[in-house]
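Note that these values count all heavy atoms, side chains included, but never hydrogens, waters or copies made by symmetry. Just so it is clear: chains get the letters A, B, ... in the order the sequence lines come, proteins before strands, and each one is counted from 1.
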Amino acid sequence: MTATTHPSRRDEAWRYSDIDAVTAAWPLPAPESIVVPAGGEFRRAIVQDAGAIHQIEMSIGKGATAALHILNIGGAYGRIELAVTLHEGADFTLGAVQIGGGDQNLEIVTTVTHAEPGAKSRQIVRSVLGGTATGTYLGKVAVARDAQQTDSEQDVKAMLLGRSATANAKPELEIFADDVKCAHGCAIGELDAMSLYYLQSRGLPPAEAKKILLQAFVAGVFDGAEDEARLQALALAKLGELV
Amino acid sequence: MLKIENLHATVADKPILKGLSLAINAGEIHAIMGPNGAGKSTLSYVLGGRPGYEVTEGSVMFAPNVIPGESRGSDGALELGPDFRRGTGTTETLDLLALDPHERAAAGLFLGFQYPVEIPGVSNVQFLRESLNAQRKARGQEPLSGGDFLKLAREKAGLLKLDMDMLKRPVNVGFSGGEKKRNEMVQMGILDPKLAILDETDSGLDIDALRVVGDGINTIMRRPDKAVLLITHYQRLLDYVQPDFVHVLAAGRIVKSGGPELALELEREGYAEIAA
Ligand SMILES: Nc1ncnc2c1ncn2[C@@H]1O[C@H](COP(=O)(O)OP(=O)(O)O)[C@@H](O)[C@H]1O
Ligand SMILES: [Mg+2]
């Protein structure tokens, strides 16, 4: 994350990136640093709506809780990169939605390190992609040797609205402890034709029917988020542009 | 109300309907019976405009407001407005096959699905309210307020003895077979169509639910300005919703038509005899 020469496609974490945009933005400012003290509680909502590369390094102290909610929707290239370290018994939640149309390239890249025992991380990521847009999730969960009783989950789904859109999803585990629970699920699909027809048969125009199904697809990600209503409204408006 | 002439349709390039003709007037209830695979569901999907069901020949004209013996539709007439798409049709008569599925719904067509679809994450009442208001908008009517809509939904749920809580749940998710069929009828009650095509609405119903659904169909649809096409495999629903006409569909065509007695005859003698 702190490389001095700008990355190329050969770098795993930048494999699907818009390298021209990255080069233009190089050198990147130092990552934002967030330290959640032991026993602390942290919540933050991030809306990426202008085409930026946003890097965050976060350390979650013993027994602390942190929740990040991300809506990645804007600009030709929007990247959110997280490096999260969990200390003993810490709890991390990521709820992210990326919605892209046209030829947008949006990505969320995470490294979640369980450095100490008994921490919990849960990542839920939903991407909706239309046009020739690309949406990427690269998520590494690293569990240190003595981080027993780690509980981690990656729940990643993408919905493609057309044949020309692309979704990349790569959850990755690097586990050095033996008593861990690491779940990951990954699915890329398209809107269910029968559901769409059922809704239209009741009188909903195609765009409205699609919007309702997409709203259901991203529903729940922002539950309990800081600024939940705003995130939901912005997501819905962006979905409306896509259908 | 509905005039189907020489309808041919294919699914995945396979001819299923092969010259089907049928005329239904306002005030009438028609039943279509026939063996499995005859093309009954295909007919309902073709009329409902489901993608993949391709019409290769024939026509379907839909006149939601035409009532025999009356010069113009009664009080309940659907005002479709001058901007409503009519295909090659006229003011009174729509070229049904030229309309998209949602336009057919706004014109007063309702399709009761043989297998109602489960849609996780989408609440019944939310989608129904949006559907009803989309129909009203297409017809140039004002939307129904949230309060008025809930009142309407509660009334129809009561009629079909479906718990209002179920209506707030995601569409058909976790519903039993019978609850799904009752939910279809609640939707029909709320949307208040002119023509309902009900595909095996009786399957999956126990005897009590059958009576409730039968009463519901009669209450909602048995009116001089409405019509029903009941697709069914068995005689038993017809004990509750008495048809004026019964047709036998076999190998993609109507092979025999008659009055209610034809259903009893079919029950007694089986399709093979009649369709032969
Ligand atoms: N999606 C489909 N793809 C291919 N064949 C189909 C499809 N749907 C129906 N069929 C075929 O069409 C014929 C009629 O089916 P259907 O209309 O469902 O009959 P029914 O409702 O009278 O039992 C059957 O032979 C069936 O196999
Ligand atoms: Mg069938």
Side-chain angles (χ1 to χ4, degrees), chain A residues 95-97 99 124-128 155-159 161-163 185 187-225 228-229 231-233 235-240 242-243, chain B residues 44-45 47-53 78 85 99-124 126-139 141 143 170-173 180 183-184 186-188 190-193 196-197 199:
Chain A
V97 172
I99 307 169
I124 170 165
V125 180
R126 297 287 179 266
S127 303
V128 177
D155 170 4
V156 182
K157 290 191 180 128
M159 188 74 87
L161 298 183
R163 289 282 143 87
I188 298 176
E190 45 190 88
L191 286 174
D192 178 54
M194 198 60 195
S195 301
L196 211 48
Y197 173 60
Y198 189 72
L199 296 176
Q200 290 176 71
S201 78
R202 300 313 186 226
L204 284 176
E208 294 303 311
K210 285 181 191 166
K211 202 168 140 184
I212 279 197
L213 292 178
L214 292 174
Q215 200 182 348
F217 177 67
V218 304
V221 173
F222 294 140
D223 283 354
E228 179 180 340
L231 291 175
Q232 304 279 22
L236 193 58
K238 177 76 181 187
L239 289 175
L242 239 59
V243 294
Chain B
S44 72
Y45 286 138
L47 296 177
R50 180 172 167 195
Y53 287 70
L78 278 184
R85 235 154 54 86
L99 305 184
D100 291 337
H102 68 285
E103 296 171 319
R104 300 183 194 201
L109 182 78
F110 178 86
L111 182 55
F113 283 60
Q114 180 174 3
Y115 304 108
V117 182
E118 297 185 13
I119 312 184
V122 174
S123 111
N124 250 310
Q126 181 209 346
F127 113 82
L128 278 173
R129 182 175 168 214
E130 287 187 31
S131 298
L132 178 59
N133 281 337
Q135 286 197 20
R136 294 176 65 91
K137 186 173 172 201
R139 297 192 291 255
Q141 298 167 318
V171 182
N172 292 321
V173 177
K180 285 179 182 168
N183 187 21
E184 292 290 284
V186 173
Q187 296 183 22
M188 181 173 78
I190 290 170
L191 297 172
D192 196 23
I197 298 161
D199 190 2

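- Proximity to chain A (any heavy atom under 4.5 Å) is restricted, for B/Gln187, to the side chain, taken from C-beta onward.
- Note that OG of A/Ser195 is 9.5 Å distant from CD of B/Glu118, once rounded to the nearest 0.5 Å.
- Counted within 6.0 Å of NZ on A/Lys157, heavy atoms from surrounding residues, nucleotides or ligands total 12 or fewer; the atom is thus considered open.
- Only the backbone of B/Pro120 comes within contact range of chain A, with at least one heavy atom under 4.5 Å from a heavy atom of that chain.
- The OH atom of A/Tyr198 lies 3.5 Å from the CD atom of B/Glu184; values are rounded to the nearest 0.5 Å.
- Side-chain atoms of A/Gln215 and B/Gln126, non-hydrogen and from C-beta on, do get closer than 4.5 Å to each other.
- Taking the six-membered ring where the residue is Trp, B/Tyr45 and A/Tyr197 present perpendicular rings, their angle passing 60° and hence far from 30°.
- Using a 4.5 Å cut-off between heavy atoms, B/Leu111 contacts chain A through both its backbone and its side chain.
- Chosen from A/Gly203, A/Gly220, A/Ala216, the residue pairing most often with chain B at heavy-atom distances under 4.5 Å is A/Gly203.
- A/Ile212 and B/Glu130 make their closest contact through CD1-OE1, 3.4 Å (heavy atoms, listed as atom of the first residue, atom of the second, distance).
- When all heavy atoms are compared, the tightest approach of A/Leu204 to B/Ser131 is CG-OG, 3.4 Å.
- With rounding to the nearest 0.5 Å, the separation of NZ in B/Lys137 from CD in A/Glu208 is 7.5 Å.
- Across all their heavy atoms, A/Gln200 and B/Ala105 have their closest contact at O-CB, 4.4 Å.
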Next on the checklist: Set out, in order, the CA-CA distance, both residues' side-chain angles and the distance that settles side-chain contact (heavy atoms from CB on, under 4.5 Å) for A/Met194 and B/Arg50, then state yes or no.
Outcome noted: CA-CA 9 Å; A/Met194 198 60 195; B/Arg50 180 172 167 195; 3.5 Å; yes

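- Side-chain atoms of A/Arg202 do not come within 3.5 Å of backbone N or O of B/Phe110 as any donor-acceptor pair.
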